[in-house]
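The structure presented is a predicted model; accordingly, all values stated were derived computationally and were not measured. FYI, side chains are in, hydrogens and waters are out, and symmetry mates aren't considered; it's all heavy atoms of this structure.
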Amino acid sequence: MWSLWPGRVINAGKSRHNEDQACCEVVYVEGRRSVTGAPREPSQSQGLCFYYWGLFDGHAGGGAAEMASRLLHRHIREQLKDLVEILQDPSPPPLCLPGTSGTPGCSDSTHLIGPQSCWSSQKEVTHESLVVGAIENAFQLMDEQMARERERRGHQVEGGCCALVVVYLLGKVYVANAGDSRVRCECNTLWPFALSGHSQPQGFLKPELLGGEFTHLEFPRRVQPKELGQRMLYRDQNMTGWAYKKIELEDLRFPLVCGEGKKARVMATIGVTRGLGDHNLKVCSSTLPIKPFLSCFPEVRVYDLTQYEHCPDDVLVLGTDGLWDVTNDCEVAATVDRVLSAYEPNDPSRYTALAQALVLGARGTPRDRGWRLPNNKLGSGDDISVFVIPLGGPGSYS
């Protein structure tokens, strides 16, 4: 059994309730069908088990975070049902699953029109990519369910949430992030892992959604009316470098993304470009909906635990932005080393102490001028939630 040590603390007066939600589950997946299409005998059913951890940082209300914490792992389970036998079979995944009665199979190509010589050979699809796709689809289905609940009288889902999910399945760890929560791996293996949750908003890809109120082009600073006709540096979603363009009237519109770093806002309204929910959110002082510019699809990374030897000091640290707003990677690494070295390797309370130390270190201590860190900077005023997951040693996994 895999062990888990959480730490949580409510915000320092920002709101009355903790809008962070957390979930930890061991989920059994029973196959939906046989890969060959033949009926499966009950004695032949060999399901899969996956371990699941989720942090959900709510905003504008806790409804979306609460709903995701209850249901997202169930969507992942449903998406994995067709993959149970495939994932247990070392051979490459089949291109198609058997169709239902009366549905033509994939081997029937008589309905295809046109020459086939232009098609390349079949693309390689790995078992790992099937799990990633299942997780991505689960996030989308969760977001669609929130949208449906919004339309039901008396069942409105408040606000939205960032979602950070870890799934352990068949020796691999899948980390899916949609938002500004983050995960950090502290171990001796070379695994650079820090998911930011920020990505290009849909407005860069589909400028027609901006309603004539915003510009999808990025400039080093806000363009001024007096600069019309001048040439200024700019770039669009296809560019990593910069070029000069003549400033025109439409370039005076408000930038789609304004601000830098943690203060960056999409359409001057929200600080993330991925997340669940927010189906009611409108741009400030506008009727333009935010949702088309927020992607519900997570960024997914995979780590193969079977490739490395792990010791009891190797851990995953999952945290909402209440932790990462005031704590950097080096500080987290120092806290991990300091706390774990103070305990015997087989003492499970060391991970509880680590989670608590990370939370309290980000909150700081109360002083006359608010909560302060040891360097006298302001501590986090946000909800803080942390999971510590040991990757090796006694009691971590079987």
Side-chain angles (χ1 to χ4, degrees), residues 2 4 6 20-27 29 48-59 64-83 87 125-146 160-185 191-202 272-278 294-305 315-321 323-324 385-389 391 397:
W2 205 311
L4 167 75
D20 283 0
Q21 295 289 325
C23 180
C24 175
E25 297 282 348
V26 180
V27 183
V29 186
L48 292 175
C49 232
F50 69 86
Y51 294 83
Y52 170 93
W53 302 267
L55 285 181
F56 305 93
D57 184 0
H59 50 258
E66 190 275 334
M67 186 176 182
S69 70
R70 289 188 294 107
L71 300 177
L72 181 55
H73 61 282
R74 300 182 184 181
H75 283 293
I76 295 176
R77 180 185 61 194
E78 286 299 312
Q79 291 301 301
L80 289 173
K81 282 186 174 181
D82 281 331
L83 306 179
L87 295 176
V125 178
T126 64
H127 292 77
E128 181 180 291
S129 65
L130 292 180
V131 178
V132 172
I135 294 172
E136 291 170 333
N137 276 336
F139 270 69
Q140 182 182 32
L141 291 170
M142 184 73 257
D143 192 64
E144 291 174 352
Q145 185 175 0
M146 289 179 177
C161 70
C162 300
L164 175 60
V165 163
V166 172
V167 171
Y168 171 76
L169 175 64
L170 296 176
K172 294 184 179 181
V173 172
Y174 298 82
V175 182
N177 193 19
D180 56 5
S181 299
R182 288 180 56 200
V183 59
R184 176 72 184 174
C185 178
W191 188 33
F193 210 104
L195 297 182
S196 66
H198 293 278
S199 64
Q200 293 283 15
Q202 286 287 346
V272 293
T273 57
R274 299 178 193 251
L276 301 172
D278 287 313
L294 296 179
S295 173
C296 63
F297 286 95
E299 179 186 2
V300 184
R301 301 278 186 89
V302 187
Y303 178 48
D304 189 348
L305 281 181
V315 296
L316 279 182
V317 175
L318 283 65
T320 57
D321 64 336
L323 172 70
W324 301 110
S385 297
V386 172
F387 275 166
V388 174
I389 305 173
L391 296 177
Y397 59 91

### Message
So which atom in A163 and which in N177 form the shortest heavy-atom distance, rounded to 0.1 Å?
### Response
O-OD1, 3.3 Å
### Message
With rounding to the nearest 0.5 angstrom, report the CG to CD distance, L72 to Q21.
### Response
13.5 Å
### Task
Mind listing the closest non-hydrogen atom pair of S69 and F56 along with its distance?
CA-CE1, 3.5 Å
### Query
Could you state the interatomic distance from CG (L71) to CZ (R77), rounded to the nearest 0.5 Å?
10.5 Å
### Query
M67 versus M142: any side-chain heavy-atom pair under 4.5 Å?
yes
### Message
Would you say that E128 contacts V131 through its side chain, given a criterion of any heavy-atom pair below 4.5 Å between the two side chains?
### Response
no
### Summary
Residue set satisfying salt bridge (Lys or Arg N to Asp or Glu O under 4.0 Å) with E136, at least two apart, ordered chain then number -> none
### Summary
Those residues at least two apart in sequence (or on a different chain) that pass salt bridge (Lys or Arg N to Asp or Glu O under 4.0 Å) with R74 are none
### Among V317, L55, L318, side chain to side chain contact (heavy atoms under 4.5 Å, CB included) partner for V386
V317
### Query
Distance from D57 atom CG to L323 atom CG, nearest 0.5 Å?
11.5 Å
### Query
Is S385 reaching over with its side chain to a backbone N or O of T320, donor-acceptor style, under 3.5 angstrom?
no
#### Entry: Side-chain heavy atoms of V27 within contact of I76, under 4.5 Å
no
### Summary
So SG of C49 and CD of E25: to nearest 0.5 Å the spacing works out to 11.0 Å
#### Entry: D143 (side chain) donor-acceptor with G277 (main chain) under 3.5 angstrom
yes
### Task
Any chance you could lay out the side chain to side chain contact (heavy atoms under 4.5 Å, CB included) test for H75 and Q79, step after step, and finish with the verdict?
CA-CA 6 Å; H75 283 293; Q79 291 301 301; 5.5 Å; no
### Main-chain N/O of F297 paired with R274 side-chain donor or acceptor, under 3.5 Å
yes
## Note on the structure
Between the SG atom in C161 and the CD atom in E66, the distance rounded to the nearest 0.5 Å is 10.5 Å
### Query
Can F387 and V166 be said to form a side chain to side chain contact (heavy atoms under 4.5 Å, CB included), step by step?
CA-CA 10 Å; F387 275 166; V166 172; over 6 Å; no
### Summary
Heavy-atom closest pair (G171 atom, D304 atom, distance to 0.1 Å) is O-OD1, 3.5 Å
## Note on the structure
Tightest non-hydrogen contact, residues F139 and A178, listed as CE2-CB, 4.0 Å
### Message
Quick check: do W53 and L164 have side-chain heavy atoms less than 4.5 Å from each other?
### Response
no
### Task
For residues I389 and Y168, determine if any side-chain heavy atom of one lies less than 4.5 Å from a side-chain heavy atom of the other.
no
### Query
Any side-chain heavy atom of V132 within less than 4.5 Å of one from I135?
no
### Task
Compare all side-chain heavy atoms of L316 with those of Y303 and state whether any distance is below 4.5 angstrom.
no
#### Entry: Heavy-atom pair of closest approach, residues L87 and H127
CA-CD2, 3.6 Å
